[in-house]
Peer 1: 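What follows is a single structure, and I will ask about it in a moment.
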Number of protein chains: 4
Amino acid sequence: MRDVVELGLGKIASRGYHLSDVAIVPSRRTRDVDDVSTAWQLDAYPFDIPCVAHPSDATMSPETIIALGRLGGLGVLNAEGLWARYEDPTKLLAELGDLDPEGDATARLQQAYAEPIKPDLIAERVRQIRAGGVTVAVRVSPQHTLALAPAIVAAGVDLLVIQGTIVSAEHVSANDDALNLKEFIADLEVPVIVGGCTDYKTALHLMRTGAAGVIVGVGGDDWATSDSVLGIRVPMATAIADAAAARRDYLDETGGRYVHLIADGDIQTSGDIAKAIGCGADAVMIGEPLSRGEGAPAGGAWWHSAASHPKLPRGAYCEADEPIGSLETLLYGPADQPDGELNLFGGLRRSMAKCGYKDVKEFQKVGLVLDR
Amino acid sequence: MRDVVELGLGKIASRGYHLSDVAIVPSRRTRDVDDVSTAWQLDAYPFDIPCVAHPSDATMSPETIIALGRLGGLGVLNAEGLWARYEDPTKLLAELGDLDPEGDATARLQQAYAEPIKPDLIAERVRQIRAGGVTVAVRVSPQHTLALAPAIVAAGVDLLVIQGTIVSAEHVSANDDALNLKEFIADLEVPVIVGGCTDYKTALHLMRTGAAGVIVGVGGDDWATSDSVLGIRVPMATAIADAAAARRDYLDETGGRYVHLIADGDIQTSGDIAKAIGCGADAVMIGEPLSRGEGAPAGGAWWHSAASHPKLPRGAYCEADEPIGSLETLLYGPADQPDGELNLFGGLRRSMAKCGYKDVKEFQKVGLVLDR
Amino acid sequence: MRDVVELGLGKIASRGYHLSDVAIVPSRRTRDVDDVSTAWQLDAYPFDIPCVAHPSDATMSPETIIALGRLGGLGVLNAEGLWARYEDPTKLLAELGDLDPEGDATARLQQAYAEPIKPDLIAERVRQIRAGGVTVAVRVSPQHTLALAPAIVAAGVDLLVIQGTIVSAEHVSANDDALNLKEFIADLEVPVIVGGCTDYKTALHLMRTGAAGVIVGVGGDDWATSDSVLGIRVPMATAIADAAAARRDYLDETGGRYVHLIADGDIQTSGDIAKAIGCGADAVMIGEPLSRGEGAPAGGAWWHSAASHPKLPRGAYCEADEPIGSLETLLYGPADQPDGELNLFGGLRRSMAKCGYKDVKEFQKVGLVLDR
Amino acid sequence: MRDVVELGLGKIASRGYHLSDVAIVPSRRTRDVDDVSTAWQLDAYPFDIPCVAHPSDATMSPETIIALGRLGGLGVLNAEGLWARYEDPTKLLAELGDLDPEGDATARLQQAYAEPIKPDLIAERVRQIRAGGVTVAVRVSPQHTLALAPAIVAAGVDLLVIQGTIVSAEHVSANDDALNLKEFIADLEVPVIVGGCTDYKTALHLMRTGAAGVIVGVGGDDWATSDSVLGIRVPMATAIADAAAARRDYLDETGGRYVHLIADGDIQTSGDIAKAIGCGADAVMIGEPLSRGEGAPAGGAWWHSAASHPKLPRGAYCEADEPIGSLETLLYGPADQPDGELNLFGGLRRSMAKCGYKDVKEFQKVGLVLDR
């Protein structure tokens, strides 16, 4: 059934589709927008909206994590970000928010992130967020998980996010101390979200590590450059649908363990959110869209967590623009612009209503058309 | 036969085509342009050209509705537009025609449409149009149909247009007073045009409500944003052809009831009109193209009826340009520009002649090529 | 074998390909460029290069027709152009060459072509070209063929070109005096080139009229607007290949009558010429590329023969740019620019050599790849 | 299995894919970047990175050839370039590096290359490079191979590169002295790299000439114009995969002779390098990317070896930009820009690690997705 083409003699490729290749098809039923629910729950943590923040310092500070949590979403602190490297990074963030994208923005990011990580600072941030009364999620890379996780967990985190560009359940290393995800998660007291991954098999293997959530995609957007740098480009509609099949198969093989899929890539507008759910995601990870709100830590500038890599940065620095609304308006409207950047989850809700669906899980079955 | 692809394991999408994906293929016969007819008839109302106006205040005032009717088309008044909210909206229209698309145009539209609807004004407009001696059509949204239709019908309307972004025959609501289209239409004395819809099944169900005409599409054009906001994008060639199949099947199941299809989306030029008919439409609903004529109510500016939604606007404000001709020249030429924006129905007529067809119904069978 | 898609239920379209969709694939053999021939022959008239000029006044004056003929190509005079309407149109051409494409260029063209045609002038031009010692070809539209052809033929033309946007062998008219191509050509003493057409069947029927050459395509290029105005867009690779099949079948059904195919559309560079031949054309009709040469009648400006239509113009006015070389350099080089606009037929010759072919007829079999 | 379409009746084309059409799909395994090797070996010559330089004077001088060799790549001198025509071309190179791409840049290149080739100078350059302690490779065109090769070989070259736009093993010529590749290579003492070619059969025939390496592609990039000039456009993913099949079949038919494939076309970034290897290449030939480094001979300007052809140039002159790093930084980083132009082979290495592969040969099997 999958469309497989022969690139050349004996070399095949399967065809993949981007979210921009598909569109939602309303069908014979419609529904009142007020009768629609966008709620979901991850492990013991309920959320009003299927919104997980990408752990970029450009958008996620302890303050904005608390604000997002109170509005019904899930903020994520980067344990390898500036809040873990500097006692008070607010001045630095202001400076980084004002860089010239045509100039040495990437080099300046690299400098800023060269400062060592201080586990004590991570613990302090966790306590601060917890005091805000919201679910606490912290992101760590697979490379630093063994070193940093104990301090993070001890500080009282609710959810640990182990996230790298590409994470597999089977990392090969000449080094004996490499992270074994399965053992690590089995021993851990807190639920883990892990990723990104881009295909059925990796998603399934990550589910088998015992993770509560799996991230699909590598955070691609207009500023990500993993295509140019690594040759890796993720057609998100296909990646999400394949991972959803892994979720189904894993549910069957475990007799009922449901792992949540969080789609992280090419999601900029309320329309993109609706399409990602329609392809099978349980929630979306949002990056740059949150930088457009008032009070964004870097004043509206945007960079990926991989944009500051010391040797091979993979993300362009995106200059700040005027904020287009408060965080609440970003999520819930009212919108005074027609482009899908405001009222992100009101747009999702209305899309669900126009198609006659009443909750996120049901909306995963919406009809899609391929037209590009 | 329909091309169905697997997006990912177990998630399929059928392939859809835009009008811009197809082109008309002339065949072995040609015909004199003077021997071709573009006339059609909806219920008891005959028209020289298959032209229905999109009910936007930017183009449809009582005056332009009368002018369009006298030229052989069908104008439509928006019962929820400015003419139903203000005693004399001409000054307001002039102001709205002069907004800055980069500024707060959408917010200003939202303010203007926050004024309550006054049923008395609707009745007055209907009488004014009727006095002009043309067919009177008024548009109301499904949400307000029960409240507004009685006054509209009492005022002497010829055709009622029930139009929302997406209208289904099966609206689910926790509210007991929701509109039941089938019952409503059965009880009504005047013929109803209803839509938009985007697929075979919804079109068929809408036909079964007893409607005289069904609108296919959601009014998409370069300024519409239902893709960004809702994730809904309608490949019009496919939507029209599917609805034409519903028309055929409904004609068969009723033993002869012919419901007219009005295509509303991505129609900007005479070439687009020809393609929409060639895909199976009986008529086209035209929006922005009518804003280019002299005497357009908002001076040439353009906005969709959904562009002023208070919480989730779905249409960008399009700044006025110099008018390119009178309304008559827009429809019948002569054109002094080669881009298909003038002589819209003369272009259709000549396309029909080049392909050897003599009327609109026959032209629905013209050959099409897919080349994008 | 042809890829046929279902646009919607019951409405199909076959897939067509543009020249820009295909590329030539060199194969296992190469050849010395000096061993390659680009010559062809139409009826009794031999030519060094498969180059027929589009009959636009912007490029074809009696002088340039003679120049092109002496260089081995075939110029064509438009019997309905300015040379047939004005005693001396050189001043007018200079004025038309200097119009503002953003202004009223089309309206000014329409005015210029409103002057009546004077058959005496056509005869005078024919004598002038004949005196230049080259093959004389004159274009007339199907609508004016009966009226103008006698004078043209009497003046001593070698080839009559009956060309309209779309020409069929079966024109339906309420008017009894309509042109019957088959009878007309049978009675005529001079060979006829007829077109444009876009499909197998029309091409075959045109061949059966007794024409010596058939024009495939409607002269499309970046300035043509038959897509916007009529919805007609011709995927030239497909149109040429289909007409080549008609040529083959007609050759078989007549036991040896070979009708030449002249491709008229989307040919701008030497690469396009090579692709058109590779799809099966015997020669190419070139329009705008000839306007780039020194001494072009309108100083480098370009307009199609259909750009001046009084009611429905179908071609944008293209402003003059600096000439890039003499007519000889355009055709034979040497090129001092790398974009395929100079040395048009030297580029064809080298392409043939790189692929190992020795003449135009053989090169029709070159391998093509589809990659867009 | 290969997707073959009917362009028109009886004319088929197989579908080809560009590197930009495909992307690499990480799979279930990852690997430490330090455990990955990018080394390869051609005949007796080992290299740290699969990098062969395109023989353009814009990037390859004796000095830069030595520098590239010391950094683990293979530089190539053009025996028909400026170093073979002028005693000291450095001033001329500086002048050529400063041309105006909108002006007469191509004409100036043509003048510079009109100076005759001096075999003594080639020999001198070869000795100079050899003295640098690196592998010495010299490029000659098929047309000049018989005349120039003896001097080149006598001067002590390690690898002879016989390269033209398109090279076949079966060149047809009316001239009796044409090059017979098979005989020539059989008689030669040094290993030969030959190309470019674009399909399975030509690649196989070139392998049978006894060549040690075969170049796939015609050096296409944003500045190459073989599509516009010749109609030849090479979908590199398909060309590489087809040639890799020829390599496999030739390995089998010879019982073990492995001919290396060098991909030359559309390779601009580290991501492109990874994709070319993933399609089956053993190494990549890099052109314009090397012009971005400090100390590039023409100061950063770029032109193809075919851009100076006296009659039919096929490559646009690309103006110099500021250098983005040293040659070492270009190849090995660290990058301070995120666009894949720096750290070209560090990017390759990391891509291999993300996909769990340990060497270049193994990485040829990486999964690819088609998504454009």
Side-chain angles (χ1 to χ4, degrees), chain A residues 1-3 15-17 19 21-32 34-35 200 237-246 248-249 268-275 278-280 333-343 346-348 350-351 354-356 358 367-371, chain B residues 3-18 21 104 106-107 110 142 164-175 178 197-199 201-202 204-206 218 223-235 238 304 306-307 309-317:
Chain A
M1 188 95 152
R2 183 67 62 98
D3 192 10
R15 202 177 283 272
Y17 302 96
L19 291 178
D21 294 326
V22 302
I24 287 169
V25 185
S27 191
R28 68 181 206 284
R29 191 176 291 152
T30 49
R31 189 177 289 271
D32 274 7
D34 294 333
D35 298 348
Y200 170 86
T238 296
I240 296 170
D242 279 351
R248 212 164 37 236
D249 290 352
Q268 301 287 323
T269 63
S270 46
D272 295 336
I273 295 172
K275 292 179 193 175
C279 287
D336 58 3
Q337 292 183 7
D339 44 19
E341 298 186 347
L342 284 168
N343 203 354
L348 168 63
R350 190 163 292 263
S351 184
K354 295 274 183 213
C355 298
K358 67 177 196 294
L368 298 173
V369 67
L370 185 71
D371 67 341
Chain B
D3 193 9
V4 172
V5 305
E6 190 186 57
L7 292 180
L9 291 160
K11 181 82 187 183
I12 59 168
S14 65
R15 202 178 283 272
Y17 302 96
H18 296 281
D21 294 326
D104 63 347
T106 297
Q110 290 172 325
T165 310
I166 297 292
V167 173
S168 78
E170 188 182 345
H171 184 74
V172 183
S173 175
N175 184 339
C197 69
T198 71
D199 68 324
K201 201 173 284 182
T202 313
L204 185 62
H205 288 202
L206 288 177
V218 300
W223 298 272
T225 59
S226 65
D227 183 11
S228 307
V229 176
L230 301 175
I232 295 172
R233 187 171 65 230
V234 182
T238 295
H304 269 95
H309 190 282
K311 294 183 64 176
L312 199 67
R314 276 152 283 150
Y317 176 87

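When reading the values below, keep in mind they use all heavy atoms of this one structure, side chains included, and skip hydrogens, waters and symmetry mates. Every chain is numbered from 1 and lettered A, B, ... according to where its sequence line falls, protein lines coming before strand lines. Because the structure is predicted, anything quoted here is derived from the model rather than measured.
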Peer 1: Taking the side chain as everything from C-beta on, heavy atoms only, tell me whether V229(B) gets closer than 4.5 Å to R350(A).
Peer 2: no
Peer 1: Where does D35(A) contact chain B at under 4.5 Å (heavy atoms): side chain, backbone, both or neither?
Peer 2: side chain
Peer 1: Rounded to the nearest 0.5 Å, what's the gap from CG on D104(B) to CD on Q337(A)? Could you check?
Peer 2: 10.5 Å
Peer 1: How long is the gap from CG on L368(A) to NZ on K11(B), to the nearest 0.5 Å?
Peer 2: 4.5 Å
Peer 1: Are S270(A) and L230(B) packed together at the side-chain level, in the sense that at least one heavy-atom pair is separated by less than 4.5 angstrom?
Peer 2: no
Peer 1: Which atoms of A169(B) come close to chain A, meaning under 4.5 Å heavy atom to heavy atom: side chain ones, backbone ones, both, or neither?
Peer 2: backbone
Peer 1: For residues I166(B) and T30(A), determine if any side-chain heavy atom of one lies less than 4.5 Å from a side-chain heavy atom of the other.
Peer 2: yes
Peer 1: Let me confirm one number: the CG-OG distance from D272(A) to S228(B), rounded to the nearest 0.5 Å.
Peer 2: 7.5 Å
Peer 1: Check each atom of D227(B) against the heavy atoms of chain A and say whether the ones under 4.5 Å are side chain, backbone, both or neither.
Peer 2: both
Peer 1: With chain B, which of N343(A), L348(A), I240(A) has the greatest number of heavy-atom pairs at distances under 4.5 Å?
Peer 2: N343(A)
Peer 1: For the residue pair E6(B) and Y17(A), what are the closest heavy atoms and their distance?
Peer 2: O-CE1, 3.7 Å
Peer 1: As an exercise, state the distance from CZ of R28(A) to NE2 of H171(B), rounded to the nearest 0.5 Å.
Peer 2: 15.0 Å
Peer 1: Any salt bridge linking R233(B) with D371(A)? Criterion: basic side-chain nitrogen under 4.0 Å from a carboxylate oxygen.
Peer 2: yes
Peer 1: Write down the atom of P310(B), the atom of P334(A), and the distance for their closest heavy-atom approach.
Peer 2: O-CB, 3.7 Å
Peer 1: Taking the side chain as everything from C-beta on, heavy atoms only, tell me whether L7(B) gets closer than 4.5 Å to V22(A).
Peer 2: yes
Peer 1: For the candidates A335(A), G356(A), C355(A), which exhibits the highest count of non-hydrogen atom pairs separated by less than 4.5 Å from chain B?
Peer 2: A335(A)
Peer 1: Would you call L9(B) and D242(A) a side-chain contact if the rule is heavy atoms closer than 4.5 Å?
Peer 2: yes
Peer 1: Taking the side chain as every heavy atom from C-beta outward, state whether D336(A) and Q110(B) have any pair of such atoms under 4.5 Å apart.
Peer 2: yes
Peer 1: Suppose we screen for side-chain hydrogen bond (donor to acceptor under 3.5 Å, both in side chains). Which residues come up paired with S351(A), at least two apart in sequence or across chains?
Peer 2: none
Peer 1: Does any backbone or side-chain atom of K275(A) lie under 4.5 Å from a heavy atom of chain B? Answer side chain, backbone, both or neither.
Peer 2: side chain
Peer 1: Could you have a look at G340(A), G347(A), P338(A) and say which one has the most heavy-atom pairs with chain B under 4.5 angstrom?
Peer 2: P338(A)
Peer 1: Checking T106(B) now: which residues fulfil side-chain hydrogen bond (donor to acceptor under 3.5 Å, both in side chains) with it, not counting sequence neighbours?
Peer 2: none
Peer 1: Do R31(A) and E170(B) touch side chain to side chain, with heavy atoms closer than 4.5 Å?
Peer 2: no
Peer 1: Do you know the tightest heavy-atom contact between A241(A) and G8(B)?
Peer 2: CB-CA, 3.5 Å
Peer 1: Is A274(A) in contact with chain B via its backbone, its side chain, both, or neither, using a 4.5 Å heavy-atom distance?
Peer 2: side chain
Peer 1: Between A13(B), P235(B), A224(B), P313(B), which residue shows the highest count of heavy-atom pairs closer than 4.5 Å to chain A?
Peer 2: P313(B)
Peer 1: Can you check whether D199(B) reaches P26(A) side chain to side chain, under 4.5 Å on heavy atoms?
Peer 2: no
Peer 1: Non-hydrogen atoms of chain B under 4.5 Å away: do they reach the side chain of D21(A), the backbone, both or neither?
Peer 2: backbone
